[in-house]
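Data block below; observations after.
All chains are named by letter (A, B, ...) in the order of the sequence lines, taking the proteins before the strands, and each is independently numbered beginning at 1.
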Number of protein chains: 2
Amino acid sequence: MDDQLRIENQLCFSIYALSKEFTKLYNLFLKDMNVTYPQYLVLLVLWEKNKLTVKQLGENLLLDSGTLTPLLKRMEDADIVKRERSKEDERKVLVSLTSKGMEMREKAEKIPVCLAEKLGLSPEQFQKKLDENRELLSKILEVAES
Amino acid sequence: MDDQLRIENQLCFSIYALSKEFTKLYNLFLKDMNVTYPQYLVLLVLWEKNKLTVKQLGENLLLDSGTLTPLLKRMEDADIVKRERSKEDERKVLVSLTSKGMEMREKAEKIPVCLAEKLGLSPEQFQKKLDENRELLSKILEVAES
DNA sequence: TATAATTAAATTGCACACAATCAAATTTAC
DNA sequence: GTAAATTTGATTGTGTGCAATTTAATTATA
């Protein structure tokens with residue numbers, strides 16, 4: 001009767017489980033780079049955009065300062081990123097890569113290739129999933145507003 | 001050139017973001033029930049299966065005892081679940097619902113209906129996503145083995 | 001030009017999440 | 001029958017993740 005409350009029928013749970021297992025899998029790949037999965041996400045953004053404020057980084061990753069500040073401090077301790085107050089607006093903290101952080105990109109480039117292969121997803125399937133997830137995310141963010 | 005490392009093209013990130021936003025949305029719905037999203041997942045399993053060991057609960061939710069033990073203790077403090085050592089095998093701890101926990105099901109029944117409506121997914125679309133996520137999850141778990 | 005409102009990070013407190021380890025009970029192999 | 005291996009939870013330590021608050025800096029406004 002009440003299949004709607006069965007855990008197996010929860011879209012949220014299927015995504016929750018996927019996210020956790022994806023994170024675990026990535027952490028395996030990232031182990032020899034000595035970064036965690038959320039730290040890797042920060043690197044992805046910085047490889048692309050060079051220098052951002054904490055706020056901008058948070059907008060890119062959907063994370064707030066309560067998460068990012070300690071995470072970035074750990075990355076700073078590991079000499080992967082640099083944090084500096086903006087001269088123009090001292091409320092802002094600019095985050096950028098150290099040379100070590102930049103060099104890590106090379107190792108990272110192997111990950112998507114390796115993973116796509118292991119998961120056996122064609123580029124078309126991959127793109128389709130990406131598009132569908134983006135659409136669902138925008139719907140959720142929309143609902144959360146109201 | 002290196003689109004493969006763009007954050008926007010990461011399947012893992014789209015799922016990571018979805019999971020976090022789904023959790024936030026659910027937490028809104030769950031606020032007046034005084035449970036968190038992972039606690040709600042425990043309730044879903046127990047409404048379905050009545051009484052399980054911590055181990056079995058973990059198999060259903062893909063969580064380990066390091067996560068479940070403190071979570072269940074909080075639920076026990078809130079008088080939502082009962083924890084008791086098995087008589088046959090004292091290594092096992094049986095988790096079951098209190099009457100309060102059972103009664104919470106009524107409120108929960110409104111959530112999936114309300115949410116499906118707000119997200120505007122047809123039953124077919126919903127089921128398709130569910131199936132695709134299950135398939136991807138099994139692939140990831142498979143890769144993680146090897 | 002003070003003062004109010006806003007903005008950006010940091011801090012605090014709480015709740016997961018998991019790896020690694022430990023302790024206790026049970027199973028097994030000999 | 002007992003030592004070794006396994007199973008099950010609990011514990012510890014580290015790292016997110018977020019709501020709520022605080023602090024400092026900037027901007028708007030009367």
Within-4.5 Å side-chain heavy-atom neighbours: B:Leu68 and B:Val95: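 No, too far: nothing below the 4.5 Å cut-off.
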Presence of donor-acceptor pair under 3.5 Å, side chain of A:Ser65 and base of C:dA10: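 Yes, a donor-acceptor pair under 3.5 Å.
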Could you tell me whether the phosphate oxygens of [N], OP1 or OP2, come under 4.0 Å of any side-chain nitrogen or oxygen in [X]?
X: A:Thr53; N: C:dA8; answer: no
X: A:Lys55; N: C:dA8; answer: yes
X: B:Lys92; N: C:dA24; answer: no

Considering all heavy atoms, the nearest [X]-[Y] contact:
X: A:Trp47; Y: A:Met104; answer: CZ2-C, 3.6 Å
X: A:Leu5; Y: B:Leu44; answer: O-CD2, 3.3 Å
X: A:Ser14; Y: B:Leu130; answer: OG-CD1, 4.0 Å

Leading and trailing nucleotides of DNA chain D with any atom under 4.0 Å from heavy atoms of chain A: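 Taking any atom under 4.0 Å from a heavy atom of chain A, the span is D:dG15 to D:dT26.
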Side-chain donor-acceptor pair present, B:Gln127, B:Asp131, cut-off under 3.5 Å: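 Side-chain D/A pair, B:Gln127 to B:Asp131: present.
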Value in whole Å for how far the C1' atom of C:dA8 lies from CZ of A:Arg83: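 That distance rounds to 13 Å.
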Interatomic distance, A:Asp89 CG vs C:dA8 C1' [rounded to whole Å]: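 Rounded to the whole Å, the gap is 8 Å.
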Near-ring test B:Tyr26/B:Tyr40, centroid separation under 6.0 angstrom: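 Centroid distance B:Tyr40-B:Tyr26: below 6.0 Å, so yes.
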A:Tyr16 ring center within less than 6.0 Å of B:Tyr37 ring center: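 Between A:Tyr16 and B:Tyr37, which both carry aromatic rings, the centre distance is below 6.0 Å.
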Sole residue of A:Arg83, A:Lys100, A:Lys82 in salt bridge (charged side-chain N to carboxylate O under 4.0 Å, His left out) with A:Glu76: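 Per the salt bridge (charged side-chain N to carboxylate O under 4.0 Å, His left out) rule, the option paired with A:Glu76 is A:Arg83, out of A:Arg83, A:Lys100, A:Lys82.
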Whichever of B:Lys31 and B:Gln56 has its nearest DNA chain D nucleotide further upstream toward 5':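 It is B:Gln56 whose nearest nucleotide is closer to the 5' end.
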Nucleotides 12-18 of chain C: protein proximity per nucleotide (B base, S sugar-phosphate only, - neither; heavy atom, under 4.0 Å): ---SSBB
